[in-house]
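Notes for the one structure printed next.
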Amino acid sequence: MTTQHIESQDISVAGLFQSFYAVPDYQREYVWSTEQVEQLLTDILGEMTGTDPEHSPEYFIGSIVVCPGQSGLLDLIDGQQRMTTLYVTLCAIRDRLLALGAANSAVLNSQIADASIDASGDEVRRYRLDLQYEDSGDALTRLADGKEIDRTGTLSMKNIANAHHVVTRFLSSEFGEDAGALRRFYGYLCNKVKLIRIQTEDVAKALKIFETINDRGVGLNSMDLLKNLLFMKASAGQFNQLKGTWKDLQDTIFNMGEKPLRFLRYFIFSRFEVDVLREDEIYGWLSRNEARAGYGSDPVGFARELVSAAKAYRNFREGKDERGVGNRYLENMRLLGGSAARQHLILLLAGRHLSSDIFDRLASEVESLFFCYVITREPTRNFERNFARWGTELRSISSAEELETFINRRFLNEKMKLSVRFDDAMGRLYYGTLQQYRLRYVLAKLTQYVDLAAYGETEGTRWLQSYTSGGFEIEHILPQKPDAKAAEEFGPIEDPLVSQRLGNLVLVEKSINSSLGNRAYSEKRPIYLQSRLLLTRALSERPQVGTNTRIDRAVASIEPFPTWTEPDVLQRQRWLADLARSVWRIPTSSAAPS
């Protein structure tokens, strides 16, 4: 067995920048912000004793992991954020000293760039730190050459430019026009600020050291650690392929504005039999389940699966199916979920292998159950855990019959458990009970259901968005600030919030709503008849279209309201609550699965 040599060295900043380093192109970008750069500089200055850096204590700022790279460079596997910031600091010190009229420092210049001999014996000027990932652009070389960075460039270029600005501002604030004080700080930084440089014989060993140092996610999150774990499992020949795949993954997650760890956590729930997993436990779980996850034998394949899932996840969030085609049920969940609720994506990811018609059926039922959880205020952790548990079953389904069995066993049972709470929640629903976008979703679904029953699927009735953003507004039948006639007509009020009840709300066209105002119900009734929404027109009278037509059947249970009083509001709310059971398919006890 060959024993690999690992060298650990206590090294000063001056000693550190006697070597040449490269940050490999598979590394993550420069991400330090103003706060992190300022904190490093403040901590270093805080350890320096007044004007006597010679007798100030040494200050340790962490470790880096390196291995031999090409052309005599050391590949920087861990610590590039700190190393890049130190390099930027040396450039800023040089620039500030020159601005103060100080003599050019050969030593400082050599810490930024110096000559070395290549394999042909030629002298080559090199930068001490070479960022090889594409996002860095030419930011660091421009700084090293005393030039400004293009601030319209990539995120890394902007971050590096910002770091240089922060360091320059710090030096000006702390040392003013005193070049001597700045030189003393530079001397302390070079000689008393130290790191541990861990050097291994090859990249695989260096990545393993990196993993060990960061196994608790210290300074890095699980997504960063997973990336390095995959590179550790990949062969050198797979690096370029893996780098491209990982960039595709990062770009997909970044462009949809999602939290990377939330996606990774939901991917694991949808793909593996796991029902409880915190974000800070993700890397530990992956490390323990290499064979189960399959990344050890095929890291590129695993990365590709992540990309495929991320793109499906993005489409689902946008109301589209995996192919990027608009899907009405996914669009409904987008309208219901808002910007934060994502738990339903676990089930959608688990069922993305299904054919389009079977997936549609799943999406419809997921929407229904998700609303049931929302309206009954079921704790998020409970239904998230259910979705994670059911993912394993869902992944094994391939036919419509199997899906129906799954829906009956899982979704129907859950709705049965929540049936009483559902009725209670709908019966007590007020304007302020739900976020306004969710209340609009509720009114839109109730209104759409009646239109679908009467007219069938048309371009106007098929999409819920036609009702939520198609020029409709929420109208208070009893105005929130009724005029004298409206208040007199409505009569005595026991519930001071009666005008906010669901039973007092209806969707109307904006053009109609503007003419309703704070008027009495007797004056509003003929105006409601101008609406194209059947549920709104039915407030005033039951539509009569032929005999036993679809429209007749759709409005058969709707009783018009000749007057509008508090008992009428309560009666209409009870009717809407009953209608909601049909809209979201809440079963009765006789429908419970055996």
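Computed from a prediction, not measured in an experiment: that's the story for all the values here.
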- Message: Quick one: does any side-chain atom of R314 pair with a main-chain N or O of I253 as donor and acceptor, under 3.5 Å?
- Response: no

- Message: For a quick test of reading the model, state the closest non-hydrogen atom pair linking Y449 to S582 and the distance between them.
- Response: OH-CB, 3.5 Å

- List the steps and the verdict of side chain to side chain donor-acceptor pair (under 3.5 Å) for T565 and D568. CA-CA 5 Å; T565 64; D568 293 320; 3.0 Å; yes

- Heavy atoms of G427 and A577 approach each other most closely as N-CB, 4.3 Å

- Which distance, rounded to the nearest 0.5 Å, do you find between the CZ of F170 and the NE2 of H165? 14.0 Å

- Between Q81 and Y30, does a side chain to side chain donor-acceptor pair (under 3.5 Å) hold up when you go through it step by step? CA-CA 6 Å; Q81 303 294 321; Y30 183 72; 5.6 Å; no

- Side-chain contact test, heavy atoms from C-beta onward, threshold under 4.5 Å: evaluate it for L439 versus L505 and give yes or no. yes

- Answer yes or no: is there an ion pair linking E273 with R389, defined by an N-O contact shorter than 4.0 Å? no

- Query: Under 3.5 Å, is there a donor-acceptor pair between the E457 and T461 side chains?
  - Reply: no

- Message: If we ignore hydrogens and angles and just use 3.5 Å, is the side chain of Y295 paired with the main-chain N or O of L286 as donor and acceptor?
- Response: yes

- Message: Can you tell me how far apart CZ (R292) and CZ (R271) are? Round to the nearest 0.5 Å.
- Response: 10.0 Å

- Taking atom CG of L249 and atom CZ of F254, what is their separation to the nearest 0.5 Å? 13.5 Å

- Main-chain N/O of Q500 paired with N504 side-chain donor or acceptor, under 3.5 Å: no

- Query: What do the steps show when you test K524 against E489 for salt bridge (Lys or Arg N to Asp or Glu O under 4.0 Å), and what is the final call?
  - Reply: CA-CA 12 Å; K524 288 184 173 184; E489 271 192 17; over 6 Å; no

- Between L362 and L403, which heavy-atom pair has the shortest distance, and what is it? N-CD2, 3.8 Å

- Item | Heavy-atom side-chain proximity of D451 to L533 below 4.5 angstrom | yes

- Message: Are S356 and R323 packed together at the side-chain level, in the sense that at least one heavy-atom pair is separated by less than 4.5 angstrom?
- Response: yes

- Item | Sidechain-backbone polar pair: R440 side chain, Q435 backbone, donor-acceptor under 3.5 Å | no

- Message: Closer than 4.0 angstrom, basic N to acidic O: yes or no for R410 and E414?
- Response: no

- Message: Quick check on side chain to side chain donor-acceptor pair (under 3.5 Å): which of Q436, R501, Q480 does Y431 satisfy it with?
- Response: Q436

- Taking the side chain as C-beta and beyond, is there a heavy-atom pair between L539 and R572 under 4.5 Å? yes

- Message: E367 and side chain to side chain contact (heavy atoms under 4.5 Å, CB included): which single residue from R328, E331, M333 fits?
- Response: M333

- Query: Do the charged groups of K485 and D483 touch, with an N to O distance under 4.0 Å?
  - Reply: no

- Message: Within this structure, what is the CD-OG distance for the pair E402 and S396, rounded to the nearest 0.5 Å?
- Response: 7.0 Å

- Message: Check whether S419 reaches the backbone of K415 with its side chain - one donor and one acceptor, N or O, closer than 3.5 Å.
- Response: no

- Query: So, the side chain of S270 versus the backbone of L349: is there a donor-acceptor pair under 3.5 Å, distance only?
  - Reply: no

- Kindly give the heavy-atom pair with the smallest separation between Y467 and A444, and that separation in Å. CB-CB, 3.7 Å

- So which heavy atom on R265 is nearest to which on E279, and how close? CD-CG, 4.0 Å

- Counting N and O atoms only, with roles assigned by atom type, does the side chain of T468 sit under 3.5 Å from a partner on the main chain of L335, one being a donor and the other an acceptor? no

- Message: With heavy-atom distances below 4.5 Å as the criterion, would you say the side chains of P482 and N518 are in contact?
- Response: no

- Message: Using side-chain heavy atoms (C-beta onward) and a distance below 4.5 Å, is F561 in contact with Y521?
- Response: yes

- Derivation of the side chain to side chain donor-acceptor pair (under 3.5 Å) call for N315 and D321: CA-CA 6 Å; N315 287 342; D321 64 18; 5.9 Å; no

- Message: For R532, is there any backbone N or O sitting under 3.5 Å from a side-chain donor or acceptor partner on E509?
- Response: yes

- Task: Test R525 against E541 for salt bridge (Lys or Arg N to Asp or Glu O under 4.0 Å), laying out the working first.
- Result: CA-CA 9 Å; R525 283 188 70 192; E541 66 181 33; over 6 Å; no

- Query: Ion pair present between E318 and R334, side-chain N to carboxylate O less than 4.0 angstrom?
  - Reply: no

- Query: Should E384 and R381 count as an ion pair when the cut-off is N to O under 4.0 Å?
  - Reply: no

- Shortest non-hydrogen contact from L369 to F387? CD2-CE2, 4.1 Å

- Item | Gap separating the CD atom of E404 from the CD atom of E401, nearest 0.5 angstrom | 8.5 Å

- Query: Would the number of heavy atoms belonging to other residues, nucleotides or ligands and lying under 6.0 Å from NZ of K158 be above 12?
  - Reply: yes

- Are D135 and K247 close enough for a salt bridge, meaning some N to O gap below 4.0 Å? no

- Task: Would you confirm whether E29, through its side chain, and M157, through its main-chain N or O, come within 3.5 Å as a donor-acceptor pair?
- Result: no

- Task: Indicate yes or no: at least one non-hydrogen side-chain atom of V366 is less than 4.5 angstrom from one of F411.
- Result: yes

- Could you go step by step and tell me if S33 and N162 meet the side chain to side chain donor-acceptor pair (under 3.5 Å) rule? CA-CA 8 Å; S33 64; N162 179 66; over 6 Å; no

- Message: Before you tell me yes or no, could you show the steps for E393 and R409 under salt bridge (Lys or Arg N to Asp or Glu O under 4.0 Å), namely the whole-Å CA-CA distance, both residues' side-chain angles and the distance that decides it to 0.1 Å?
- Response: CA-CA 11 Å; E393 291 179 60; R409 183 170 62 248; 2.6 Å; yes

- Task: Measure the shortest side-chain to side-chain distance between Q343 and Y373 over non-hydrogen atoms and say whether it is less than 4.5 angstrom.
- Result: no

- Stepwise salt bridge (Lys or Arg N to Asp or Glu O under 4.0 Å) test for R428 and D424: CA-CA 6 Å; R428 293 187 297 105; D424 181 62; 2.8 Å; yes

- Query: Rounded to the nearest 0.5 Å, what separation is found between the OH atom of Y430 and the OG atom of S499?
  - Reply: 10.0 Å

- Message: Test side-chain contact (heavy atoms from CB on, under 4.5 Å) on T536 and E475; report intermediate values, then the result.
- Response: CA-CA 10 Å; T536 304; E475 144 79 353; over 6 Å; no

- Side-chain donor/acceptor of S515 to backbone N/O of I512, under 3.5 Å: yes

- Message: Tell me whether E38 is salt-bridged to R169, with the criterion being a basic N under 4.0 Å from an acidic carboxylate O.
- Response: yes

- With respect to M426, which candidate in T376, D578, V442 satisfies the side chain to side chain contact (heavy atoms under 4.5 Å, CB included) definition? V442

- Note on the structure: Given the options Y441, F383, Y329, F371 meets ring pair (Phe, Tyr, Trp, His ring centres under 6.0 Å) only with Y441

